[in-house]
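These notes are about the structure you will find just below.
Both counts, for ligands and for their atoms, begin at 1 and track the order of listing. Residue numbers count from 1 along this sequence. For clarity, every value in this text was computed on a predicted model and none was experimentally measured.
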Amino acid sequence: MTDPVRADKAHCWHPFTPQEAWCDPAHEPLMIVRAEGVWLWDSEGRKYLDGNSSIWTNIHGHCRPEIAEAIAKQSTTLDHSSYLGLSHPLASELAEKLVSFFPPNTLERVFFSDNGSTSIEVALKMSLQSRMQTGQQKRSRFLAFNNAYHGDTLGAASLGGVKRFFSRFRNLGFETELLSSMASLSNVNPTTVTAVVIEPLIQGVNEMRPWPEGMLRELREWTSNHGIHLILDEVMTGFGRTGTMFACQRENVIPDFLCLAKGLTGGTIPLAATLTTHSIYETFLGGAENAFYYGHSYTANPIGCAAALASFKIFETDKVLESMPAKIAYLAASLEKLRSKRDDIIDIRQCGLIAGVEFKKNLGGEITLAARNQGLLSRNILDTVVLMPPLCVSPEEIDFMVAALAEA
Ligand SMILES: *Cc1c(COP(=O)(O)O)cnc(C)c1O
């Protein structure tokens, strides 16, 4: 191979990226070549704290030996086989593990797919098809929230509330009404709605904006009262990020669909799961015409399942959830100190180990780039710099991260 940067600029196309600026000769993209714990190294040997958990995926730090070993072992035992017409034990074990976080007879069925968008796509199609199979065809619309982000496949994108990403394709997907708040539910005709979709506790792409406490509970009550499905998009909030294994547990809410991806394998291999209830599942019984005709070639990939099971083991051996309250409080205190020192910070928002530091207008990009030179890699969403380290982050590493931002 020639120079990797040259090959990148000649042949690669990056997500969410204005390619002309990327390929400009003056732009030197970072080539990440190695990772360990919360640290990433570039091709020049420079070291960075992964302040964005590699786009919100990493949970226990990079290259954890337990996950690497599980992946290696599975790669030489059963790398892949079809989940269509066949099964394998790791998928069974993982499904059992996932439902074990919820009371019996609630979320008890697991449908595997590959990423966050497909986990949402699955829930949307299941919700709609279950209506068709129970004589409720008129329930054909979805409700989602302004500035929501649920993924980029066409169905998931039709729920997206971020105009600059989704307005082009808005008319091609599912019929969706966007809500500005809980109060706007009173203007909705609930009889034509099949499901409400929400990122529980905190909206990620919407500059890390937490919902008011109790809102999820309220939404659960409203949807239950109107016979509407509640789809929770925990693609970002799942796997301990907010302090509990799943965000919905913070408000004792059990949805009709729970969508999981990003952190499911600890941030190593693409794998997703959509959990649902028996009452949804049973509407798909009764013969071939009622089956859910949906799937992907790599559905329930055994290597991904092995990584996910290894990640759950680390939650136990490292007592990860038990360690969270102290880390969350430490991050909050560090950010409070940062706020008191700077007058260019407009707001600091935090939910668990997810934080967004909002700077004055048009400073976000510049500060994120400057933070790189201080050894902190993250991304800004407009003027909000995301601080979302892996859950294994130590107090010293939190100090490093916040000091790097302050310096930037
Ligand atoms: C990342 C994300 C998605 C999409 O997941 P992909 O794996 O990127 O398709 C959906 N919803 C939320 C809340 C996310 O953060």
Could you walk me through whether Arg46 and Trp41 satisfy the side-chain contact (heavy atoms from CB on, under 4.5 Å) test, starting with their C-alpha distance in whole Å, then the side-chain angles of each, then the deciding distance to 0.1 Å, before giving a yes or no? CA-CA 5 Å; Arg46 290 172 296 209; Trp41 281 264; over 6 Å; no
Distance filter under 4.0 Å to Trp56 heavy atoms, resulting ligand 1 atoms: 15 (O)
Looking only at protein heavy atoms, which one is nearest to atom 12 (C) of ligand 1, and how far off is it? Asp233 OD2, 3.4 Å
At a non-hydrogen distance cut-off of under 4.0 Å, which region of Ser117 contacts ligand 1 (side chain, backbone, both, or neither)? both
Just heavy atoms, cut-off under 4.0 Å: does Tyr149 contact ligand 1 by side chain, backbone, both, or neither? both
Relative to each other, are the rings of Tyr294 and Phe292 parallel, tilted or perpendicular (30° and 60° limits)? parallel
Ring centroid separation Trp22 to His14 under 6.0 Å: yes
Residue part near ligand 1, for His150, under 4.0 Å between non-hydrogen atoms: backbone
Glu407 atom CD, neighbour heavy-atom count above 12 within 6.0 Å: no
According to the interplanar angle, ranging from 0 to 90°, do the rings of Phe101 and Phe246 count as parallel (below 30°), tilted (30 to 60°) or perpendicular (above 60°)? perpendicular
Does Glu221, at its CD atom, have more than 12 non-hydrogen atoms belonging to other residues, nucleotides or ligands within less than 6.0 Å? yes
If the cut-off is 4.0 Å to any non-hydrogen atom of Glu199, which atoms of ligand 1 fall inside it? 13 (C)
Please confirm whether Phe315 and His60 have ring centers closer than 6.0 angstrom. yes
Nearest to atom 14 (C) of ligand 1, what protein heavy atom do you find, and at what distance? Lys262 NZ, 2.9 Å
Going by a strict under-4.0 Å cutoff (protein heavy atoms only), does atom 8 (O) of ligand 1 have a neighbour on the protein? no
Per-atom contacts of ligand 1 with Gly151, taking only distances under 4.0 Å to non-hydrogen atoms: 4 (C), 10 (C)
Less than 4.0 angstrom from a charged side-chain N to a carboxylate O is my criterion; do Arg34 and Glu36 meet it? yes
side-chain contact (heavy atoms from CB on, under 4.5 Å) between Val205 and Phe165, intermediate numbers included: CA-CA 11 Å; Val205 170; Phe165 298 163; 3.9 Å; yes
So the atoms of ligand 1 within less than 4.0 Å of a heavy atom of Met236 turn out to be 15 (O)
For atom 6 (P) of ligand 1, which candidate among Ala148, Pro15, Gly116, Pro200 provides the closest heavy atom? Gly116
Using a 4.0 Å heavy-atom cut-off, which part of Val235 comes near ligand 1: side chain, backbone, both, or neither? side chain
Distance under 4.0 Å to a non-hydrogen atom of Asn115: what atoms of ligand 1 satisfy this? 7 (O), 9 (O)
